[in-house]
Visitor: 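Below is a structure I'd like to ask you about.
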Amino acid sequence: MNAPGADSTPHLPRGVRLKHDKVRGEWLLLAPERVVKANAIAVAVLERCDGVRTLREIVDDLARTYSADRGVIESDVTMLINDLAMKRMVDL
Amino acid sequence: MRDKIAAPAGMLAELTHRCPLGCPYCSNPIELEKAAGELDTATWKRVLSEAAAAGVLHVHLSGGEPCVRRDIVELTAHCAEAGLYSNLITSGVGLTRDLFEALVAAGLDHIQLSIQDAEATSADRIAGYEGAFARKREVAAWTTAAGLPLTVNAVMHRANVSRAGRMVELAVLLGARRIEVAHTQYYGWAMVNRAALMPSREETETAVAEVEALRKKHEGRIVIDHVVPDYHARFPKACMNGWGRRTLNVTPSGRILPCHAAAMIPGLEFWSVMEHSLAEAWYDSPAFNIFRGTEWMKEPCRSCDRREIDFGGCRCQALALTGDARNADPICHLSPDHAIAQEIAAQQAPDVAPDYVYRRMKTKA
């Protein structure tokens with residue numbers, strides 16, 4: 001499987017969703033037989049994974065929104081998306 | 001006490017014990033509950049709402065075959081309304097195209113489909129149902145075409161162990177995003193059929209290696225969850241991730257259990273959804289609290305470094321093999337009863353496997 005490129009349009013496939021759990025007071029990524037805690041950064045990334053925006057656009061947006069170094073953001077986001085894609089929780 | 005106990009994350013909803021298949025390793029109890037005793041629709045909806053309120057995230061709509069319930073679409077829709085992640089654990093037999101479309105429209109999140117073997121004739125013989133394999137392939141095709149994630153559930157035993165790798169390849173071919181390759185665990189029906197089901201150690205090791213090799217080959221395409229046979233292990237499995245720690249089970253008649261096999265343990269007091277809420281049963285019922293934590297443990301578990309890793313293994317296996325559910329799971333090499341497990345593991349499989357005792361209701365429900 002290819003690593004996510006700047007032009008890929010990551011999205012959560014059907015059967016994977018981000019949920020704010022009121023009981024535990026945290027964000028969770030729910031997938032078949034899996035629950036992954038999502039920290040604030042992961043939530044910010046995953047909320048932008050709509051299947052329309054490219055990875056490049058998502059990185060640009062995050063770097064702008066959080067006034068952060070683009071290179072660092074790009075590396076973090078690519079790593080997160082790649083990890084979730086390997087677990088089949090994100091489609092590219 | 002309540003503040004020390006984490007909320008339940010998963011619920012196995014055994015909607016019915018009725019099933020068209022007769023798999024000889026079925027995880028349902030030997031004493032199957034009859035249709036007449038099943039909870040009605042309104043009660044299941046209340047239980048699902050209580051589950052969501054208590055913190056349950058995943059609901060596994062299971063059985064028996066959950067699709068024999070006439071209200072399966074209504075219950076699935078109720079899961080979606082309550083914000084629960086719904087997983088249909090089905091044999092695929094009894095699932096018509098119309099019913100499938102209705103489940104998708106109701107917001108079903110995931111389908112877990114059992115497949116008995118990579119070869120039709122053998123698969124149908126294992127299931128005790130002619131034509132089952134072909135029907136399952138059809139259901140798999142509908143599922144992937146609808147964009148629903150598909151998990152293939154493959155239980156491994158003597159009749160199919162030589163095709164473990166082919167089961168994985170079949171799942172990939174069917175478009176499954178996940179496969180559970182689970183070597184048979186010997187409780188209930190599987191215990192009755194152990195001589196017919198248990199492969200040799202060599203066969204098992206070959207199968208395990210084959211599946212592990214495929215994990216790398218198909219990384220990013222299919223997630224492989226591999227439940228390796230514990231008779232050959234040194235440490236026991238962390239059964240249920242610990243008693244009353246993550247999941248609960250509601251039986252067709254509404255008994256609330258810490259695991260689907262817990263009813264085999266004598267002397268446990270199970271509460272019913274007819275008298276208690278799910279949260280009350282989770283936090284306060286004797287059956288959930290009896291093996292929670294480490295206080296109940298005997299030695300060697302009580303002082304063991306791994307007591308919070310594997311929680312003493314499986315209570316049902318300890319009971320089945322040693323006669324006392326409080327003992328260490330004899331799979332553990334530290335258990336004083338470990339020789340019992342070793343002896344079973346070393347037994348030569350008979351040259352000709354005995355016939356299966358198929359899982360069937362004793363009398364017509």
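Quick caveat: nothing in here was measured; it's all calculated off a predicted structure. A note on names: the letters A, B, ... follow the listed sequences, proteins ahead of strands, and every chain is numbered from 1.
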Visitor: Compare all side-chain heavy atoms of B/Arg178 with those of A/Arg88 and state whether any distance is below 4.5 angstrom.
Guide: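 Of all side-chain heavy-atom pairs linking A/Arg88 with B/Arg178, none is under 4.5 Å.
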
Visitor: Examine whether an atom of B/Ala9 lies under 4.5 Å from a heavy atom of chain A, and if so say whether it belongs to the side chain, the backbone or both; otherwise answer neither.
Guide: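 Backbone plus side chain of B/Ala9, per the 4.5 Å heavy-atom cut-off to chain A.
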
Visitor: Taking every heavy-atom pair that is under 4.5 Å apart, which of B/Val223, B/Ile222, B/Leu57, B/Leu148 has the most such pairs with chain A?
Guide: B/Leu57

Visitor: Counting only N and O atoms by type, is there a donor-acceptor contact under 3.5 Å from the side chain of A/Lys87 to the main-chain atoms of B/Gly220?
Guide: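 No, A/Lys87 side chain to B/Gly220 backbone: no donor-acceptor pair under 3.5 Å.
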
Visitor: Could you state the interatomic distance from CG (B/Leu84) to CG (A/Leu30), rounded to the nearest 0.5 Å?
Guide: 10.0 Å

Visitor: Restricting to non-hydrogen atoms, name the atom on A/Arg34 and the atom on B/His58 that form the minimum distance, rounded to 0.1 Å.
Guide: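 Reported closest heavy-atom pair: O-CE1, 3.2 Å.
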
Visitor: Highest number of heavy-atom pairs under 4.5 Å with chain B: which of A/Lys22, A/Arg17, A/Lys19?
Guide: A/Arg17

Visitor: Looking at A/Val35, A/Val16, A/Val23, which one has more heavy-atom pairs under 4.5 Å with chain B than the rest?
Guide: A/Val23

Visitor: Can you give me the closest heavy-atom contact between A/Gly15 and B/Pro149, atom names plus distance?
Guide: CA-CG, 3.7 Å

Visitor: Only pairs of heavy atoms separated by less than 4.5 Å count here; which of B/Thr151, B/Ile111, B/Val104 has the most with chain A?
Guide: B/Val104

Visitor: Would you call B/Asp109-A/Arg14 a salt bridge at under 4.0 Å N-O?
Guide: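 Salt bridge: no.
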
Visitor: Side chain from CB out, backbone as N, CA, C, O: work out which of these in B/His60 comes under 4.5 Å of a heavy atom of chain A, or both, or neither.
Guide: side chain

Visitor: Taking everything shown except B/Ile309 itself, do over 12 heavy atoms lie less than 6.0 Å from its CD1?
Guide: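 Atom CD1 in B/Ile309 is crowded, with more than 12 foreign heavy atoms closer than 6.0 Å.
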
Visitor: Side chain from CB out, backbone as N, CA, C, O: work out which of these in A/Pro13 comes under 4.5 Å of a heavy atom of chain B, or both, or neither.
Guide: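 When you check distances to chain B, only side chain atoms of A/Pro13 fall under 4.5 Å.
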
Visitor: Counting only heavy atoms not in A/Arg53, do more than 12 fall under 6.0 Å of its CZ?
Guide: yes

